[in-house]
Q: 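This is the structure I have questions about; it appears just below.
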Number of protein chains: 2
Amino acid sequence: MQEKLKNTELFTALGDDALSLLANYFKVVNHKKGTILIHAEKVEPYFYILETGIARAYSIGENQQITFWFGQAGDVLLSYNSYINNKPGYENIELLEDSVLYQIHLRDLFELYNEHLPLANWGRKIAERELIATEKRLIDRSFKDATERYRDFIVQSPDLIKRVALKHIASYLGVTQVTLSRIRAACK
Amino acid sequence: MQEKLKNTELFTALGDDALSLLANYFKVVNHKKGTILIHAEKVEPYFYILETGIARAYSIGENQQITFWFGQAGDVLLSYNSYINNKPGYENIELLEDSVLYQIHLRDLFELYNEHLPLANWGRKIAERELIATEKRLIDRSFKDATERYRDFIVQSPDLIKRVALKHIASYLGVTQVTLSRIRAACK
DNA sequence: GCCCACATTTTACAAATGTTAAAAAATAGA
DNA sequence: TCTATTTTTTAACATTTGTAAAATGTGGGC
């Protein structure tokens, strides 16, 4: 495993032995830009950690896709409904750049969770951190207008602004692409 | 612990020994309607499970409160930022009815998590389920208009519609009370 | 029963955002 | 480089939602 990944916030909390135990099960995989790693209509049996690249999670409606999450280096890519309920999910995950990932089968991961306490607590923290981030975004949808959300996004995710198509950022912020364009024109 | 609580989805997954271990640490507490159980500006050291009653979590902005979560019997009440980061949170939790709760100190809960594997995995599932629910709500904010969200809410939470003030439901749905009133008038 | 405090609805108007279509700009491939 | 495709912007108009204030409804205490 790359040193830089070991130093992400997600891994520093794990002890060395938990880390090397986990590393035994990880398989490094490469995927091209455009790969759909997780399909909403399937039970997806893998848990991924992104080493390099950018990903987006999106749901498909009648006339549109809604991007509701972006993943960057060190983030976990997962179909939560597969993981928890062993059922197809609501999210697709697409790689927006050529990517390197660590892959582990959910079967193996759950076995580790049931054998190794620090890992079980590590899995708990992954979900808890994601929950806090998601709740804050939900709250921001009410407290802040689209312009404020866009400004915050620029500050908090400067990499994403540079590397992700604006149409995806628009739906992530909860507006249409036309509205985002207007906001950007007004900000100049 | 009440039988009915043991039969909630949250507890049936736990084995009997994990349940009785947990029960040793729970203290039953009663609180009046209106009690603010969790304060956003404080590190709150307790984890609660609601036995009877209804609660809401809300954040305070400049001119308004936003209710972003409702808790019913069997749900966990918690300041996630206290729990995970040992820092003050973004959420207040208010009891909307006289309530009976199980209370455990975070110190004790973390000790259990570090000793007892089934409990650590139970804690993981609590956060994961909450995450799925929150992500779905965030996605619904984009896919569905306020009228559809209100109709869904009536179907999915018939108890809350009866027992919670509409001003709280309005902000939970992401609209003002005026808009909710208009929706309700149109639905008649 | 009456009054008070609070919740909800209604109204009129303003602001923000969506929709559709088209033009302009950027990007990828041959 | 040139073309084809996709992305982004712009425009005009429709719709939804917000704001502020007044009116109405509701429940508890005296």
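Residue numbers start from 1 in every chain, and the chains themselves are labelled A, B, ... in the order their sequence lines are given, proteins ahead of strands. Since we're looking at a predicted model, the values are computed, not measured.
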Q: Among A:W69, A:F68, A:F70, which residue meets the ring pair (Phe, Tyr, Trp, His ring centres under 6.0 Å) test with A:Y172?
A: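 Output: one option passes, namely A:F70.
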
Q: Please check this pair: side chain of B:S20 against backbone of B:D16, looking for a donor-acceptor N/O pair closer than 3.5 Å.
A: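 The answer is yes, because a donor-acceptor pair under 3.5 Å joins these two groups.
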
Q: So if I take every side-chain heavy atom of A:T179 and compare against C:dT17, D:dT17, D:dT8, which nucleotide ends up nearest?
A: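 It is C:dT17.
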
Q: What integer distance in Å separates A:E97:CD from C:dA28:C1'?
A: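 For the pair A:E97 CD and C:dA28 C1', the rounded distance is 16 Å.
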
Q: For DNA chain D, find the residues of residues 137-173 of chain A with a heavy-atom distance under 4.0 Å and give them by number; none if there aren't any.
A: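 Per residue number, the list reads A:A165, A:L166, A:K167.
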
Q: Atom NZ of B:K33 to atom P of D:dG27: distance rounded to whole Å?
A: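 Computing the B:K33:NZ to D:dG27:P distance gives 11 Å.
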
Q: I'd like to know if the side chain of B:T134 and the backbone of B:E130 have a donor-acceptor N/O pair within less than 3.5 Å.
A: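 Yes; judged by distance alone, with no hydrogens or angles, the pair exists.
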
Q: Give a yes/no answer on whether the side chain of A:T176 brings an N or O atom under 4.0 Å of OP1 or OP2 in C:dT17.
A: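 Answer is no, no contact under 4.0 Å.
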
Q: I want to verify a distance call: between D:dT10, C:dA12, C:dG18, whose nearest atom is closest to the B:R182 side chain?
A: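 Output: C:dA12.
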
Q: Which part of the nucleic acid, if any, lies within contact of A:V175, taking any heavy atom under 4.0 Å across all strands shown: a base, the sugar-phosphate backbone alone, or nothing?
A: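 The residue A:V175 makes sugar-phosphate contact but no base contact.
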
Q: Do B:Q177 and B:R182 pair up side chain to side chain, a donor and an acceptor below 3.5 Å, judged on atom types alone?
A: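 No, B:R182 and B:Q177 have no side-chain donor paired with an acceptor closer than 3.5 Å.
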
Q: If I take atom CD in residue B:Q177 and atom P in nucleotide D:dT24, what distance separates them, rounded to the nearest angstrom?
A: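 Atom-to-atom, B:Q177 to D:dT24, this comes out as 18 Å.
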
Q: Can you check the A:L96 CG to D:dT7 C1' distance for me, whole Å?
A: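 After rounding, the reported distance stands at 14 Å.
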
Q: May I ask you to check whether A:E91 and A:Y80 show a side-chain donor-acceptor distance below 3.5 Å?
A: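 No, A:Y80 and A:E91 have no side-chain donor paired with an acceptor closer than 3.5 Å.
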
Q: For residues 41-49 of chain B, which side-chain donor-acceptor pairs fall under 3.5 Å, sequence neighbours excluded?
A:
unit_1 : atom_1 : unit_2 : atom_2 : d
B:E44  : OE2    : B:H39  : N      : 2.9
B:E44  : OE2    : B:H39  : ND1    : 3.0
B:Y48  : OH     : B:Q103 : NE2    : 3.3

Q: Nearest-Å distance, CG (A:L180) to C1' (D:dT9)?
A: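 From A:L180 CG to D:dT9 C1': 11 Å.
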
